[in-house]
Amino acid sequence: MITMKDVAEKAGVSVTTVSRVLNNRGSISEKTRKKVFRTIEELNYHPNEMARSLMTKKTHIIGLIVPAVDHPYFSMVVDAVESLCASSNYKLLLCTSDNSSEKELKLSAMLRANKVDGVIIYSQKEDPSPYMDYELPVVVVDKTLPGIPSVLSDNYQGGSLAAKTLIESGSKHPIIFGFESRKNSISERRIAGFRDECIRNGIEYREYIIDNELSINTDFKKLDFLGCDFDDHFIKMLDMYPDTDGIFTTNEILASKILLKLEKIGRSVPDDVQIIGYDGTILSELMDLTVVSQPTLQICSTVLEILFKRMENKIVPSSTIMPVSVIKRGSTK
(Lines give C-alpha, C1' and ligand atoms only; values in the text may rest on other atoms or scores of the structure.)
Protein backbone atom coordinates (compact mmCIF):
# COMPACT_ATOMS: atom_id res chain seq x y z
CA MET A 1 0.00 0.00 0.00
CA ILE A 2 1.34 3.41 -0.99
CA THR A 3 2.11 5.62 2.00
CA MET A 4 2.71 9.32 2.51
CA LYS A 5 6.42 8.51 2.88
CA ASP A 6 6.43 7.00 -0.64
CA VAL A 7 4.87 10.17 -2.03
CA ALA A 8 7.43 12.34 -0.22
CA GLU A 9 10.39 10.30 -1.52
CA LYS A 10 9.21 10.32 -5.14
CA ALA A 11 8.35 14.04 -5.04
CA GLY A 12 11.65 14.89 -3.35
CA VAL A 13 10.05 16.64 -0.40
CA SER A 14 9.54 15.90 3.29
CA VAL A 15 6.61 13.95 4.72
CA THR A 16 5.64 17.14 6.55
CA THR A 17 5.37 19.00 3.23
CA VAL A 18 3.09 16.29 1.79
CA SER A 19 0.92 16.49 4.92
CA ARG A 20 0.69 20.29 4.64
CA VAL A 21 -0.31 20.07 0.99
CA LEU A 22 -3.01 17.48 1.73
CA ASN A 23 -4.38 19.48 4.65
CA ASN A 24 -3.93 22.85 2.94
CA ARG A 25 -1.87 24.15 5.84
CA GLY A 26 1.27 26.24 6.04
CA SER A 27 3.07 28.21 3.35
CA ILE A 28 3.76 25.97 0.34
CA SER A 29 4.85 27.24 -3.07
CA GLU A 30 2.54 26.56 -6.00
CA LYS A 31 5.34 24.68 -7.75
CA THR A 32 5.76 22.30 -4.80
CA ARG A 33 2.02 21.91 -4.40
CA LYS A 34 1.60 20.89 -8.05
CA LYS A 35 4.53 18.47 -7.81
CA VAL A 36 3.04 16.76 -4.76
CA PHE A 37 -0.40 16.43 -6.35
CA ARG A 38 1.14 15.12 -9.57
CA THR A 39 3.03 12.48 -7.58
CA ILE A 40 -0.13 11.54 -5.66
CA GLU A 41 -1.88 10.90 -8.98
CA GLU A 42 1.04 8.93 -10.41
CA LEU A 43 1.22 6.66 -7.35
CA ASN A 44 -2.58 6.53 -6.93
CA TYR A 45 -2.14 7.43 -3.27
CA HIS A 46 -5.24 7.55 -1.03
CA PRO A 47 -4.80 9.10 2.43
CA ASN A 48 -5.81 6.99 5.40
CA GLU A 49 -8.82 9.01 6.57
CA MET A 50 -9.13 7.13 9.86
CA ALA A 51 -5.50 7.75 10.75
CA ARG A 52 -5.81 11.38 9.74
CA SER A 53 -8.91 11.89 11.89
CA LEU A 54 -7.20 10.33 14.89
CA MET A 55 -4.25 12.64 14.40
CA THR A 56 -6.19 15.85 13.74
CA LYS A 57 -9.21 14.94 15.90
CA LYS A 58 -11.36 15.88 12.90
CA THR A 59 -13.32 13.63 10.55
CA HIS A 60 -14.09 16.36 7.99
CA ILE A 61 -17.68 15.10 7.96
CA ILE A 62 -20.76 17.27 8.48
CA GLY A 63 -24.07 15.72 9.52
CA LEU A 64 -27.33 17.00 8.01
CA ILE A 65 -30.76 16.01 9.35
CA VAL A 66 -33.76 16.91 7.16
CA PRO A 67 -37.40 15.80 7.46
CA ALA A 68 -37.32 14.10 4.02
CA VAL A 69 -35.49 14.10 0.70
CA ASP A 70 -38.49 13.52 -1.58
CA HIS A 71 -39.72 17.06 -0.93
CA PRO A 72 -38.54 19.56 -3.59
CA TYR A 73 -37.35 22.14 -1.07
CA PHE A 74 -35.25 19.70 0.94
CA SER A 75 -33.85 18.21 -2.26
CA MET A 76 -32.55 21.70 -3.01
CA VAL A 77 -31.13 22.00 0.50
CA VAL A 78 -29.29 18.66 0.32
CA ASP A 79 -27.82 19.51 -3.08
CA ALA A 80 -26.65 22.94 -1.89
CA VAL A 81 -25.16 21.72 1.41
CA GLU A 82 -23.34 18.81 -0.24
CA SER A 83 -21.84 21.09 -2.88
CA LEU A 84 -20.75 23.66 -0.30
CA CYS A 85 -19.25 20.95 1.92
CA ALA A 86 -17.29 19.50 -1.00
CA SER A 87 -15.87 22.91 -1.87
CA SER A 88 -14.57 23.14 1.72
CA ASN A 89 -13.13 19.59 1.65
CA TYR A 90 -15.88 18.17 3.85
CA LYS A 91 -18.08 15.15 3.30
CA LEU A 92 -21.80 15.09 4.06
CA LEU A 93 -23.58 12.44 6.13
CA LEU A 94 -27.29 12.76 5.30
CA CYS A 95 -30.11 11.63 7.61
CA THR A 96 -33.91 11.91 7.38
CA SER A 97 -36.05 12.32 10.49
CA ASP A 98 -39.47 11.64 8.87
CA ASN A 99 -40.79 14.62 10.85
CA SER A 100 -40.21 12.67 14.07
CA SER A 101 -38.54 14.42 17.00
CA GLU A 102 -37.80 11.01 18.52
CA LYS A 103 -36.01 9.83 15.37
CA GLU A 104 -34.21 13.18 15.17
CA LEU A 105 -32.69 12.61 18.62
CA LYS A 106 -31.58 9.10 17.67
CA LEU A 107 -29.98 10.37 14.48
CA SER A 108 -28.21 13.22 16.23
CA ALA A 109 -26.85 10.74 18.81
CA MET A 110 -25.62 8.53 15.97
CA LEU A 111 -23.86 11.48 14.34
CA ARG A 112 -22.24 12.40 17.62
CA ALA A 113 -21.10 8.79 18.13
CA ASN A 114 -19.54 8.83 14.66
CA LYS A 115 -17.54 11.92 15.61
CA VAL A 116 -18.81 14.23 12.87
CA ASP A 117 -17.38 17.74 13.13
CA GLY A 118 -20.74 19.49 13.22
CA VAL A 119 -24.48 18.99 12.67
CA ILE A 120 -27.11 20.94 10.72
CA ILE A 121 -30.68 20.16 11.79
CA TYR A 122 -34.10 21.02 10.40
CA SER A 123 -35.41 20.35 13.88
CA GLN A 124 -38.84 19.07 14.94
CA LYS A 125 -38.14 19.70 18.61
CA GLU A 126 -39.33 22.49 20.87
CA ASP A 127 -36.88 21.72 23.67
CA PRO A 128 -33.25 22.69 22.95
CA SER A 129 -31.82 20.96 26.04
CA PRO A 130 -30.69 17.74 24.26
CA TYR A 131 -28.34 19.85 22.13
CA MET A 132 -27.11 22.23 24.82
CA ASP A 133 -24.40 19.94 26.22
CA TYR A 134 -23.26 18.50 22.89
CA GLU A 135 -19.52 18.35 22.40
CA LEU A 136 -19.99 19.15 18.71
CA PRO A 137 -21.44 22.32 17.16
CA VAL A 138 -25.11 22.34 16.11
CA VAL A 139 -26.95 24.85 13.90
CA VAL A 140 -30.73 24.76 13.50
CA VAL A 141 -32.44 25.82 10.26
CA ASP A 142 -36.00 27.11 9.68
CA LYS A 143 -36.62 27.33 13.40
CA THR A 144 -35.41 29.12 16.51
CA LEU A 145 -34.34 27.16 19.59
CA PRO A 146 -33.07 29.09 22.63
CA GLY A 147 -29.32 28.75 23.02
CA ILE A 148 -28.79 27.13 19.59
CA PRO A 149 -27.68 29.24 16.60
CA SER A 150 -30.37 29.33 13.93
CA VAL A 151 -30.78 30.47 10.32
CA LEU A 152 -34.14 30.99 8.65
CA SER A 153 -35.82 33.03 5.96
CA ASP A 154 -37.86 36.11 6.89
CA ASN A 155 -41.21 34.35 7.03
CA TYR A 156 -43.04 37.45 8.24
CA GLN A 157 -41.68 39.44 5.30
CA GLY A 158 -42.74 36.57 3.01
CA GLY A 159 -46.35 36.73 4.15
CA SER A 160 -46.34 40.51 3.84
CA LEU A 161 -44.88 40.41 0.31
CA ALA A 162 -47.47 37.84 -0.76
CA ALA A 163 -50.37 40.02 0.40
CA LYS A 164 -48.80 43.12 -1.14
CA THR A 165 -48.29 41.37 -4.50
CA LEU A 166 -51.89 40.13 -4.62
CA ILE A 167 -53.28 43.54 -3.68
CA GLU A 168 -51.10 45.41 -6.19
CA SER A 169 -52.15 42.89 -8.86
CA GLY A 170 -55.79 43.85 -8.35
CA SER A 171 -57.01 41.33 -5.76
CA LYS A 172 -59.81 42.79 -3.62
CA HIS A 173 -60.56 39.66 -1.59
CA PRO A 174 -57.31 37.78 -0.93
CA ILE A 175 -57.08 34.90 1.52
CA ILE A 176 -54.32 32.85 3.10
CA PHE A 177 -54.89 29.11 2.91
CA GLY A 178 -52.65 26.61 4.60
CA PHE A 179 -51.59 24.44 7.47
CA GLU A 180 -50.44 25.63 10.87
CA SER A 181 -47.69 23.56 12.41
CA ARG A 182 -47.34 23.57 16.15
CA LYS A 183 -43.78 22.28 15.78
CA ASN A 184 -42.40 25.62 14.65
CA SER A 185 -43.29 29.26 14.13
CA ILE A 186 -42.67 29.35 10.37
CA SER A 187 -46.29 29.15 9.23
CA GLU A 188 -47.39 31.44 12.07
CA ARG A 189 -44.99 34.16 10.91
CA ARG A 190 -46.16 33.84 7.29
CA ILE A 191 -49.76 34.16 8.46
CA ALA A 192 -48.94 37.20 10.62
CA GLY A 193 -47.15 38.97 7.77
CA PHE A 194 -50.08 38.39 5.41
CA ARG A 195 -52.62 39.55 7.99
CA ASP A 196 -50.78 42.76 8.89
CA GLU A 197 -50.24 43.74 5.25
CA CYS A 198 -53.94 43.29 4.49
CA ILE A 199 -54.86 45.45 7.49
CA ARG A 200 -52.34 48.15 6.46
CA ASN A 201 -53.97 48.32 3.02
CA GLY A 202 -57.54 48.43 4.34
CA ILE A 203 -58.28 44.97 2.92
CA GLU A 204 -60.46 42.57 4.89
CA TYR A 205 -58.16 39.90 6.34
CA ARG A 206 -59.27 36.37 5.50
CA GLU A 207 -57.76 33.04 6.37
CA TYR A 208 -58.51 29.36 6.15
CA ILE A 209 -55.91 27.67 8.30
CA ILE A 210 -56.14 23.93 8.93
CA ASP A 211 -54.92 22.95 12.37
CA ASN A 212 -52.98 20.08 10.95
CA GLU A 213 -49.61 19.61 9.30
CA LEU A 214 -48.97 18.90 5.65
CA SER A 215 -47.00 15.69 5.64
CA ILE A 216 -43.45 16.44 4.60
CA ASN A 217 -43.44 12.99 3.02
CA THR A 218 -46.18 13.96 0.57
CA ASP A 219 -45.74 12.44 -2.85
CA PHE A 220 -45.60 15.85 -4.51
CA LYS A 221 -45.74 14.27 -7.98
CA LYS A 222 -49.25 13.04 -7.19
CA LEU A 223 -49.98 16.08 -5.02
CA ASP A 224 -51.74 13.85 -2.52
CA PHE A 225 -52.02 15.26 0.99
CA LEU A 226 -51.77 12.65 3.69
CA GLY A 227 -53.92 13.01 6.78
CA CYS A 228 -56.02 15.78 5.28
CA ASP A 229 -58.95 15.78 2.86
CA PHE A 230 -57.78 18.68 0.73
CA ASP A 231 -60.79 18.76 -1.62
CA ASP A 232 -63.27 19.06 1.25
CA HIS A 233 -61.30 21.86 2.88
CA PHE A 234 -60.79 23.78 -0.36
CA ILE A 235 -64.45 23.58 -1.41
CA LYS A 236 -65.49 24.61 2.10
CA MET A 237 -63.19 27.63 1.85
CA LEU A 238 -64.73 28.66 -1.49
CA ASP A 239 -68.23 28.22 -0.02
CA MET A 240 -67.31 30.45 2.92
CA TYR A 241 -65.62 33.08 0.72
CA PRO A 242 -67.12 32.77 -2.80
CA ASP A 243 -65.67 36.13 -3.91
CA THR A 244 -62.06 35.01 -3.28
CA ASP A 245 -59.87 36.38 -6.08
CA GLY A 246 -56.41 35.83 -4.60
CA ILE A 247 -54.89 32.97 -2.60
CA PHE A 248 -51.58 32.80 -0.74
CA THR A 249 -50.58 29.34 0.45
CA THR A 250 -48.04 28.58 3.16
CA ASN A 251 -46.06 26.36 0.75
CA GLU A 252 -45.82 25.88 -3.00
CA ILE A 253 -46.97 22.24 -3.04
CA LEU A 254 -50.31 23.43 -1.70
CA ALA A 255 -50.36 26.24 -4.28
CA SER A 256 -49.81 23.69 -7.06
CA LYS A 257 -52.68 21.58 -5.75
CA ILE A 258 -54.97 24.63 -5.69
CA LEU A 259 -54.00 25.62 -9.23
CA LEU A 260 -54.98 22.17 -10.54
CA LYS A 261 -58.21 22.14 -8.52
CA LEU A 262 -59.29 25.57 -9.81
CA GLU A 263 -58.75 24.43 -13.37
CA LYS A 264 -60.94 21.37 -12.70
CA ILE A 265 -63.85 23.46 -11.41
CA GLY A 266 -63.58 25.95 -14.27
CA ARG A 267 -62.00 28.89 -12.46
CA SER A 268 -59.36 30.66 -14.53
CA VAL A 269 -55.90 31.41 -13.11
CA PRO A 270 -55.00 34.28 -12.89
CA ASP A 271 -58.10 35.95 -14.41
CA ASP A 272 -60.57 34.69 -11.78
CA VAL A 273 -58.19 33.76 -8.98
CA GLN A 274 -54.52 34.63 -8.49
CA ILE A 275 -52.20 32.28 -6.58
CA ILE A 276 -48.94 32.75 -4.70
CA GLY A 277 -46.98 29.95 -3.02
CA TYR A 278 -43.90 29.90 -0.78
CA ASP A 279 -40.46 28.31 -1.28
CA GLY A 280 -39.16 28.76 -4.84
CA THR A 281 -38.16 25.29 -6.08
CA ILE A 282 -38.28 23.66 -9.50
CA LEU A 283 -41.93 22.76 -8.79
CA SER A 284 -43.10 26.39 -8.88
CA GLU A 285 -41.17 26.91 -12.11
CA LEU A 286 -42.79 23.86 -13.73
CA MET A 287 -46.25 24.92 -12.54
CA ASP A 288 -45.69 28.55 -13.62
CA LEU A 289 -46.47 29.70 -10.08
CA THR A 290 -45.72 33.07 -8.57
CA VAL A 291 -43.84 32.41 -5.33
CA VAL A 292 -42.21 33.99 -2.34
CA SER A 293 -38.74 32.59 -2.92
CA GLN A 294 -36.36 31.62 -0.15
CA PRO A 295 -32.65 32.27 -0.88
CA THR A 296 -31.84 28.60 -0.38
CA LEU A 297 -28.21 28.69 -1.49
CA GLN A 298 -27.47 31.76 0.66
CA ILE A 299 -29.23 30.15 3.64
CA CYS A 300 -27.17 26.98 3.29
CA SER A 301 -23.97 28.98 2.80
CA THR A 302 -24.68 31.03 5.93
CA VAL A 303 -25.48 27.89 7.93
CA LEU A 304 -22.14 26.33 7.03
CA GLU A 305 -20.28 29.57 7.69
CA ILE A 306 -21.78 29.71 11.19
CA LEU A 307 -21.12 26.01 11.76
CA PHE A 308 -17.45 26.35 10.74
CA LYS A 309 -17.07 29.31 13.10
CA ARG A 310 -18.58 27.30 15.94
CA MET A 311 -16.16 24.49 15.16
CA GLU A 312 -13.39 27.02 15.81
CA ASN A 313 -15.06 28.17 19.05
CA LYS A 314 -15.80 31.59 17.60
CA ILE A 315 -18.77 33.73 18.64
CA VAL A 316 -21.73 33.50 16.25
CA PRO A 317 -25.13 35.26 16.12
CA SER A 318 -27.95 33.56 17.99
CA SER A 319 -30.31 33.92 15.03
CA THR A 320 -29.82 34.96 11.40
CA ILE A 321 -32.84 35.93 9.30
CA MET A 322 -32.47 36.01 5.50
CA PRO A 323 -34.62 38.25 3.28
CA VAL A 324 -37.01 36.72 0.75
CA SER A 325 -38.26 37.95 -2.63
CA VAL A 326 -41.20 37.46 -4.97
CA ILE A 327 -40.78 35.71 -8.32
CA LYS A 328 -43.75 36.62 -10.52
CA ARG A 329 -45.03 34.03 -12.98
CA GLY A 330 -48.27 33.13 -14.70
CA SER A 331 -50.43 32.57 -11.60
CA THR A 332 -50.66 36.32 -10.92
CA LYS A 333 -51.48 39.28 -13.17
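Across all their heavy atoms, Glu252 and Leu289 have their closest contact at O-CD1, 3.9 Å. Residues Thr250 and Gly178 approach most closely at OG1-CA, 3.5 Å, considering heavy atoms. Across all non-hydrogen atoms, the minimal contact from Asp272 to Gly266 is OD2-O, 4.3 Å. Residues Thr249 and Asn251 come closest through the heavy atom pair OG1-O, 2.6 Å. The two residues Leu145 and Lys125 make their nearest non-hydrogen contact at CD2-O, 3.4 Å. The shortest heavy-atom contact between Thr39 and Ala11 is OG1-CB, 3.5 Å.
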Q: Determine, stepwise, if the pair Ser319 / Thr144 fulfils side-chain hydrogen bond (donor to acceptor under 3.5 Å, both in side chains).
A: CA-CA 7 Å; Ser319 181; Thr144 55; over 6 Å; no
Q) What's the verdict on side-chain contact (heavy atoms from CB on, under 4.5 Å) for Ile62 and Val119, showing C-alpha distance, side-chain angles and the deciding distance? A) CA-CA 6 Å; Ile62 298 297; Val119 181; over 6 Å; no
Q) Given Ser29 and Thr32, is the side-chain hydrogen bond (donor to acceptor under 3.5 Å, both in side chains) satisfied, shown in steps? A) CA-CA 5 Å; Ser29 72; Thr32 300; 2.9 Å; yes
Q: Check the pair Ser268 / Glu263 against side-chain contact (heavy atoms from CB on, under 4.5 Å), numbers first and verdict last.
A: CA-CA 6 Å; Ser268 174; Glu263 288 178 353; over 6 Å; no
Q: I would like to know whether Phe248 and Thr165 meet side-chain contact (heavy atoms from CB on, under 4.5 Å); could you show each step before the answer?
A: CA-CA 10 Å; Phe248 169 52; Thr165 300; over 6 Å; no
Q: Let me see the working for Leu238 and Ile265 under side-chain contact (heavy atoms from CB on, under 4.5 Å), right down to the final yes or no.
A: CA-CA 11 Å; Leu238 289 180; Ile265 64 176; 3.7 Å; yes
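Donor-acceptor pairing under 3.5 Å is recorded for the side chains of Asp127 and Ser129. Between Ser14 and Thr17, the side chains place a donor N or O and an acceptor N or O closer than 3.5 Å (distance only, hydrogens not considered). At a cut-off of 3.5 Å, with distance as the only test, no side-chain donor of Ser101 or Gln124 sits close to an acceptor on the other residue. Side-chain contact check for Ser97 and Glu104: no donor-acceptor pair (N or O, by modelled atom type) lies under 3.5 Å.
In this view, Asn114 satisfies the side chain to side chain donor-acceptor pair (under 3.5 Å) rule with no residue, not counting sequence neighbours.
Checked by atom type and distance alone, the side chain of Asp245 pairs as donor or acceptor with a backbone atom of Lys172 at under 3.5 Å. Under the 3.5 Å distance criterion, the side-chain polar atoms of Thr281 are matched with a main-chain donor or acceptor of Leu283. Proximity of a side-chain donor or acceptor of Asp154 to a complementary backbone N or O of Ile321 within less than 3.5 Å is not detected. A side-chain donor-acceptor contact under 3.5 Å links Thr290 to the backbone of Arg329.
Under the 6.0 Å cut-off for aromatic ring centres, Tyr208 and His233 qualify, their centroids lying closer than that.
Note on residues 280-322: pairs passing ring-ring contact (aromatic ring centres under 6.0 Å, His included), not counting sequence neighbours, are Tyr90-Phe308. Listed by first then second residue, pairs satisfying side chain to side chain donor-acceptor pair (under 3.5 Å) with a partner in residues 299-317 read Glu312-Lys314, not counting sequence neighbours. Each ring-ring contact (aromatic ring centres under 6.0 Å, His included) pair with one or both residues in residues 100-132, not counting sequence neighbours, appears once here: Phe74-Tyr122, Tyr131-Tyr134.
A distance of 5.5 Å separates CG of Leu64 from CG of Leu92, quoted to the nearest 0.5 Å. Separation of atoms OH (Tyr73) and OG1 (Thr296) is listed at 4.5 Å; rounding is to 0.5 Å. Thr332 contributes atom OG1, which lies 13.0 Å from atom CD1 of Ile247 (distance to the nearest 0.5 angstrom). In this structure, Lys333 NZ and Lys328 NZ are separated by 10.5 Å, a value rounded to the nearest 0.5 Å. Atom CD1 of residue Ile275 and atom CG of residue Leu259 lie 4.5 Å apart, to the nearest 0.5 angstrom. The line from CD1 of Ile175 to CD1 of Ile209 is 8.0 Å long, rounded to the nearest 0.5 Å.
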Without placing hydrogens or testing angles, list every side-chain donor-acceptor pair under 3.5 Å for residues 78-88, not counting sequence neighbours.
{"residue": "Ser87", "atom": "OG", "partner": "Leu84", "partner atom": "O", "Å": "2.7"}
{"residue": "Ser88", "atom": "OG", "partner": "Leu84", "partner atom": "O", "Å": "3.4"}

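Between Ser293 and Asp279, every side-chain heavy-atom pair lies at or beyond the 4.5 Å cut-off. In this structure, Val21 and Val18 have side chains that are not in contact, with every pair of non-hydrogen atoms separated by 4.5 Å or more. Pro270 places none of its side-chain heavy atoms less than 4.5 Å from the side chain of Ser331. Counting heavy atoms from C-beta outward, Met4 and Ser19 have side chains that approach closer than 4.5 Å. Val151 is not listed as a side-chain neighbour of Asp142, based on a closest heavy-atom distance of 4.5 Å or more. Side-chain contact between Arg20 and Ser27 is absent, with no heavy-atom pair separated by less than 4.5 Å. Residues Pro174 and Tyr205 have side chains not in contact (no heavy-atom distance under 4.5 Å, counting atoms from C-beta outward). Residues Arg112 and Leu136 form a side-chain contact, since some pair of their non-hydrogen atoms from C-beta on lies under 4.5 Å apart.
Shown are Ile167, Leu166, Asp196; of these, the side chain to side chain contact (heavy atoms under 4.5 Å, CB included) with Asn201 is made only by Ile167.
Counting non-hydrogen atoms of neighbouring residues, nucleotides and ligands closer than 6.0 angstrom, the CD atom of Gln298 exceeds 12 such neighbours. No more than 12 heavy-atom neighbours from other residues, nucleotides or ligands sit within 6.0 angstrom of NZ on Lys34. More than 12 heavy atoms of other residues, nucleotides or ligands shown are found within 6.0 angstrom of NZ on Lys103.
Taking the charged nitrogens against the carboxylate oxygens, Lys261 and Asp231 do have a contact shorter than 4.0 Å, which makes a salt bridge. Salt-bridge check for Arg206 with Glu204: passed, with a basic side-chain N closer than 4.0 Å to an acidic carboxylate O.
Taking hydrophobic clusters as Ile, Leu, Val, Met, Phe, Trp and Tyr residues chained together by side-chain heavy-atom distances below 4.5 Å, Ile28 shares a cluster with Tyr45. Under the 4.5 Å side-chain heavy-atom criterion for ILVMFWY residues, no single connected hydrophobic cluster contains both Ile191 and Ile203. Two different hydrophobic clusters hold Met76 and Ile121 under the rule that ILVMFWY side chains link at heavy-atom gaps under 4.5 Å. Val269 and Ile235 fall into different hydrophobic clusters, where Ile, Leu, Val, Met, Phe, Trp and Tyr side chains are chained together by heavy-atom contacts under 4.5 Å. In the hydrophobic cluster analysis, where Ile, Leu, Val, Met, Phe, Trp and Tyr join through side-chain heavy atoms closer than 4.5 angstrom, Val141 is grouped together with Val316.
Stacking of Arg190 on the aromatic ring of Tyr156 is not recorded, the 6.0 Å distance cut-off and the 45° axial limit not both being met.
Residue Ile315 is found outside any hydrophobic cluster, as its side-chain heavy atoms come under 4.5 Å of no other Ile, Leu, Val, Met, Phe, Trp or Tyr.
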